[in-house]
Amino acid sequence: MKAISYESFGGALSYGNLPDPEAKAASVVINVKATGLCRSDWHGWMGHDADIVLPHVPGHEFAGEVVEVGADIKKWAPGDRVTVPFVSGCGHCEPCVSGNQQVCHQQFQPGFTAWGSFAQYVAIDYADHNLVRLPEEMTYETAASLGCRFITAFRAIVDIGNVKGGEWVTVFGCGGVGLSAIMIAATMGAQVIAIDIDDQKLTEAEKVGACATLNDKNTADLIDAIKSLTNGGAHLSVDALGSQETCYNSIANLRTQGRQVQVGLMAGNDLNPSIPMHLVIAKELSIHGSHGMQSYRYPAVFDMIKTGKLKPEILIGDTISLMEVVERLPNMNSFPGTGVTVISV
């Protein structure tokens with residue numbers, strides 16, 4: 001199969017032939033039709049993920065067609081159109097049994113714990129517990145754009161953030177996950193303020209539902225500006241980027257008893273951020289992490305897409321070939337472009 005791979009962290013990326021994967025007893029092999037290019041892939045390439053074994057094929061948000069099933073697979077057959085959460089649960093541990101496959105103790109992550117979707121084919125373990133059947137009307141590109149970003153944003157806003165109509169929501173970082181969070185929060189009736197350092201991305205944020213935007217580079221006192229707009233601070237705040245500064249500000253801008261959800265990965269120099277714990281105590285703030293979404297929650301997203309309430313396809317900013325990943329992935333940390341980049345395989 002044709003695939004993208006690397007043999008050292010931060011090293012050269014190669015496009016070439018690699019062995020096709022084979023289905024184990026509880027796995028399937030999927031012919032990848034489309035896959036997203038995500039900053040998490042950059043983190044993996046940089047060596048920020050301890051689960052990666054070299055040489056490695058990245059890629060974790062994709063959609064495609066089942067072409068081979070293992071001997072123990074009961075729910076899937078060749079020809080099925082599917083996607084899969086970037087965290088797949090084993091189905092047997094305590095978190096999985098409680099319905100929290102996204103924090104499974106033996107989780108399978110394509111592109112991290114195993115070879116991923118920057119390839120013509122990818123093998124997925126625990127397939128009966130995790131594959132998601134695509135609606136017939138949904139394109140592979142749209143399904144891939146849901147990837148880790150849209151579904152992670154959905155769970156962060158709806159299931160973890162418990163957003164309510166009329167609340168003020170701040171979203172720090174207007175990349176793929178940030179724009180997704182803005183669209184979802186606005187659809188749920190919230191008043192959303194988008195924060196970034198790129199005016200082009202802030203313009204995109206307005207298009208998907210932000211009622212106000214702030215450029216952190218051009219704002220003298222960001223926290224005061226948010227409190228002025230919201231008459232006291234955000235009810236819910238999401239750090240969709242993952243940096244020392246955005247994490248701190250995402251907490252500091254909250255009103256009394258506000259909720260913060262950390263979605264952006266904290267890695268490298270941002271691994272251990274400083275947080276305003278004095279405000280957490282004095283204001284009784286709540287801080288939550290959000291890590292993907294369970295496969296059984298996808299129908300809620302699909303229903304909102306089918307009725308036109310959510311339009312993830314408009315977040316697709318660019319479509320590239322698999323070969324172009326060699327140049328694109330190393331530059332992911334410079335935040336080029338807007339929206340979600342989808343690779344047509």
Side-chain angles (χ1 to χ4, degrees), residues 39 149-150 152-264 273 275-276 279-280 283-290 309-312 314-315 317 335 338-340:
R39 188 167 176 245
R149 286 167 280 195
F150 201 88
T152 294
F154 186 89
R155 185 164 180 272
I157 292 291
V158 178
D159 295 351
I160 301 297
N162 192 28
V163 70
K164 300 176 179 63
E167 287 190 323
W168 284 102
V169 176
T170 46
V171 177
F172 289 80
C174 296
V177 68
L179 292 175
S180 300
I182 291 163
M183 178 188 290
I184 294 161
T187 298
M188 300 300 290
Q191 304 172 93
V192 188
I193 301 173
I195 300 101
D196 206 286
I197 58 173
D198 185 328
D199 285 336
Q200 184 180 4
K201 292 184 178 181
L202 292 173
T203 297
E204 293 300 313
E206 290 179 328
K207 291 179 182 178
V208 299
C211 65
T213 64
L214 290 169
N215 188 317
D216 193 13
K217 287 198 302 187
N218 305 330
T219 306
D221 191 320
L222 181 65
I223 302 304
D224 278 353
I226 293 171
K227 288 182 178 179
S228 178
L229 281 170
T230 60
N231 193 29
H235 298 86
L236 171 64
S237 182
V238 176
D239 177 9
L241 175 63
S243 74
Q244 297 264 357
E245 184 177 357
T246 54
C247 178
Y248 186 99
N249 288 338
S250 182
I251 298 168
N253 89 110
L254 292 171
R255 66 177 60 215
T256 298
Q257 294 186 324
R259 296 103 62 200
Q260 192 261 1
V261 182
Q262 186 65 40
V263 173
I275 64 173
L279 296 179
V280 175
K283 291 187 173 184
E284 294 189 348
L285 305 179
S286 300
I287 302 175
H288 304 269
S290 189
K309 293 179 179 178
L310 294 175
K311 299 178 180 180
I314 70 174
L315 298 179
F335 316 115
T338 59
V340 176

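For clarity, every value in this text was computed on a predicted model and none was experimentally measured. Keep in mind that the numbers below use all heavy atoms, side chains included, and drop hydrogens, waters and symmetry copies.
- Counting only heavy atoms from C-beta outward, the side chains of Asn249 and Asp216 approach each other to under 4.5 Å.
- Looking only at distances, a side-chain donor or acceptor of His235 sits under 3.5 Å from a matching main-chain atom of Trp168.
- When all heavy atoms are compared, the tightest approach of Pro312 to Met183 is N-SD, 4.2 Å.
- The SG atom of Cys211 sits 8.0 Å away from atom CG of Leu229, with the distance rounded to the nearest 0.5 Å.
- Ala186 approaches Val208 most closely through the heavy-atom pair CB-O, 4.4 Å.
- What you find for Ser237 and Ser250 is that their closest heavy atoms are OG-OG, 2.8 Å.
- Between the Gln244 side chain and the Thr246 main chain, no donor and acceptor come within less than 3.5 Å of each other.
- In this structure, CD in Gln260 is found 4.5 Å from CD1 in Ile251, a value given to the nearest 0.5 Å.
- Although no hydrogens or angles enter the test, the distance criterion places no donor-acceptor pair under 3.5 Å between the side chain of Arg259 and the main chain of Ser286.
- Counting heavy atoms from C-beta outward, Glu204 and Cys174 have side chains that stay 4.5 Å or more apart.
- Taking CZ of Phe172 as the start and CG of Leu222 as the end, the distance is 5.5 Å to the nearest 0.5 Å.
- Arg255 contributes a side-chain N or O that, together with a main-chain N or O of Thr230, makes up a donor-acceptor pair within less than 3.5 Å.
- In this structure, the side chain of Arg149 does not engage the main chain of Val177 through any donor-acceptor pair within 3.5 Å.
- Using a 4.5 Å heavy-atom threshold, the side chains of Asn215 and Ile197 count as touching.
- Heavy atoms only, all atoms of each residue included: Gly289 and Ile160 are closest at O-CG2, 4.2 Å.
- Atom CG of Asn231 has 12 or fewer neighbouring heavy atoms from other residues, nucleotides or ligands inside a 6.0 Å radius.
- Crowding of Lys164 atom NZ: a count of heavy atoms from other residues, nucleotides or ligands under 6.0 Å exceeding 12.
- In this structure, Ala194 and Leu202 approach most closely via the heavy-atom pair O-CD2, 3.6 Å.
- In this structure the side chain of Phe150 reaches within 4.5 angstrom of the side chain of Leu310, judged on heavy atoms.
- A donor-acceptor distance shorter than 3.5 angstrom exists from the side chain of Ser180 to the backbone of Gly176, with no hydrogens or angles considered.
- Within the 4.5 Å cutoff, the side chain of Val169 has no heavy atoms near those of the Met188 side chain.
- The closest donor-acceptor contact from the side chain of Gln257 to the backbone of Leu285 lies at 3.5 Å or more, if one exists at all.
- A distance-only check finds no donor-acceptor pair linking the side chain of Asp196 to the backbone of Lys201 [under 3.5 Å].
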message: Let's go through Thr213 and Ile195 carefully: what are the C-alpha distance in whole Å and the side-chain angles of both, what is the deciding distance for side chain to side chain contact (heavy atoms under 4.5 Å, CB included) to 0.1 Å, and is it a yes or a no?
response: CA-CA 6 Å; Thr213 64; Ile195 300 101; over 6 Å; no
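- With values rounded to the nearest 0.5 angstrom, Ile182 atom CD1 is found 11.0 Å from Ile193 atom CD1.
- Going from atom OG1 of Thr256 over to atom CG of Leu279 covers 9.5 Å, rounded to the nearest 0.5 Å.
- In terms of heavy-atom proximity, Gly173 sits nearest to Ala240 at O-CB, 3.7 Å.
- With values rounded to the nearest 0.5 angstrom, Leu236 atom CG is found 9.5 Å from Asn253 atom CG.
- One N or O on the side chain of Arg39 and one on the backbone of Leu241 form a donor-acceptor pair closer than 3.5 Å.
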